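Side-chain atoms are counted along with the backbone in the values below, which use heavy atoms only and exclude waters and symmetry mates. These numbers were taken from a predicted model, which means no experiment stands behind them.
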Amino acid sequence: NILINNAAVASWDKNKGVKECTSEELNQLFNVNVAATHAVTTAFHPLLKQSASLNNKLPLCSARGAVINFSSVLGSISYAQVYAVSYAISKAALNMLTKLTGLELKKDGILCVAIHPGWVKTDMGGIMLLCLQKKLLMISPT
C-alpha cells in the first residue's frame, strides 16, 4: 500500500550556474527525477487505489495507500541558491508533481508526500557532502 519513489541522478559539476547548464543535462535529470517517478506512480495507481478502498474506514494515511517521493531541500523555491542547478530544478519539478498528484489522488484515499531525507551516504551523496563542505568553508567567516 506504499509506493516509495527513490531513484535520482545528479550532475557531478555542482558549481555550474544556470547559464552553464545544458538542455541535455536538464532533460536527463528531468527524465529520471520527474518523468520516471510519474510513470511509476501512474503504473501503480490501480494497486494503491485498491489498497485505499479496502481500508476506506481509515482517514487519509499511509495505512490506506501512499506515494512517498524522495526529494531534496535543493528543490525548495524558498531556499534557492545557485548550486547543483540542474538537480535543484528537477527536484523543484518533482515537488510540484508530488503536490499535483496528491491533489488528484486524494479523492481515491491515497496520500502523496515528498520528503527530504537529509544527507545520505551514497555515491551521489558523498560527492554532495564534499562540495557542500568546500562551499561552506569558502563562505564561513574566519
Side-chain angles (χ1 to χ4, degrees), residues 1-56 58-141:
N1 59 340
I2 298 176
L3 171 63
I4 299 174
N5 290 307
N6 187 36
V9 293
S11 166
W12 293 110
D13 188 354
K14 307 290 187 259
N15 294 312
K16 266 194 223 174
V18 175
K19 294 180 289 186
E20 294 84 27
C21 186
T22 65
S23 296
E24 293 80 16
E25 183 180 335
L26 283 170
N27 285 332
Q28 178 191 14
L29 271 65
F30 187 88
N31 284 337
V32 174
N33 298 349
V34 184
T37 298
H38 174 265
V40 171
T41 302
T42 301
F44 278 86
H45 176 252
L47 293 173
L48 292 165
K49 186 175 178 179
Q50 180 182 12
S51 173
S53 69
L54 293 173
N55 297 300
N56 64 0
L58 296 172
L60 191 64
C61 65
S62 62
R64 287 186 71 180
V67 176
I68 301 171
N69 293 330
F70 274 58
S71 188
S72 169
V73 70
L74 292 174
S76 169
I77 303 290
S78 299
Y79 299 122
Q81 57 181 310
V82 182
Y83 179 74
V85 170
S86 56
Y87 182 76
I89 291 169
S90 73
K91 290 301 185 171
L94 176 64
N95 292 345
M96 181 57 78
L97 173 66
T98 304
K99 177 65 175 178
L100 297 175
T101 303
L103 291 171
E104 189 172 321
L105 299 187
K106 185 176 181 179
K107 68 178 178 355
D108 295 328
I110 301 167
L111 177 68
C112 193
V113 297
I115 62 169
H116 168 64
W119 179 75
V120 180
K121 187 176 181 181
T122 63
D123 289 345
M124 189 167 68
I127 295 295
M128 288 288 284
L129 180 63
L130 292 174
C131 292
L132 285 171
Q133 286 174 335
K134 183 179 178 183
K135 188 174 182 91
L136 290 174
L137 286 175
M138 292 185 327
I139 61 172
S140 7

pair Thr41-Leu3: side-chain heavy atoms closer than 4.5 Å: yes
Out of curiosity, Lys99 NZ to Glu104 CD, how far, rounded to the nearest 0.5 Å? 13.5 Å
Quick check for you: to the nearest 0.5 Å, what is the distance between Ile2 atom CD1 and Ser62 atom OG? 4.5 Å
For Leu103, is the CG atom crowded, meaning more than 12 foreign heavy atoms sit under 6.0 Å from it? yes
Is the backbone N or O of Gln50 less than 3.5 Å from a side-chain atom of Ser53, with the two atoms forming a donor-acceptor pair by type? yes
Do you know the tightest heavy-atom contact between Val82 and Gly17? CG1-CA, 3.9 Å
His38 NE2 to Thr101 OG1 distance, which is reported to the nearest 0.5 Å: 6.5 Å
Measure the shortest side-chain to side-chain distance between Leu111 and Lys106 over non-hydrogen atoms and say whether it is less than 4.5 angstrom. no
Can you establish whether the number of heavy atoms outside Lys19 located under 6.0 Å from its atom NZ is more than 12? no
Taking the side chain as everything from C-beta on, heavy atoms only, tell me whether Val67 gets closer than 4.5 Å to Leu48. yes
Quick one: side chains of residues 90-97, donor-acceptor pairs under 3.5 Å with protein atoms, not counting sequence neighbours, listed by atom name and distance.
| from | atom 1 | to | atom 2 | distance (Å) |
| --- | --- | --- | --- | --- |
| Ser90 | OG | Asn33 | ND2 | 2.9 |
| Ser90 | OG | Tyr87 | O | 2.8 |
| Lys91 | NZ | Phe70 | O | 3.0 |
| Asn95 | OD1 | Ser71 | OG | 2.6 |
| Asn95 | ND2 | Gly75 | O | 3.3 |
| Asn95 | ND2 | Lys91 | O | 3.4 |

With rounding to the nearest 0.5 Å, note down the distance linking CD1 in Ile89 to CG in Leu29. 9.5 Å
Quick check: does any side chain N or O of Asn55 sit under 3.5 Å from a backbone N or O of Ser51, one acting as donor and the other as acceptor? yes
Residues Cys21 and Leu26: closest non-hydrogen pair is SG-CG, 3.6 Å
Residues in side chain to side chain donor-acceptor pair (under 3.5 Å) with Ser86, at least two apart? Glu25
Using 0.5 Å steps for rounding, measure from the CG atom of Asn56 to the CG atom of Asp108. 12.0 Å
Is there a donor-acceptor pair closer than 3.5 Å between any side-chain N or O of Asn5 and the backbone N or O of Val40? no
Just how far is it from atom CZ of Arg64 to atom CG of Leu54, taken to the nearest 0.5 Å? 10.5 Å
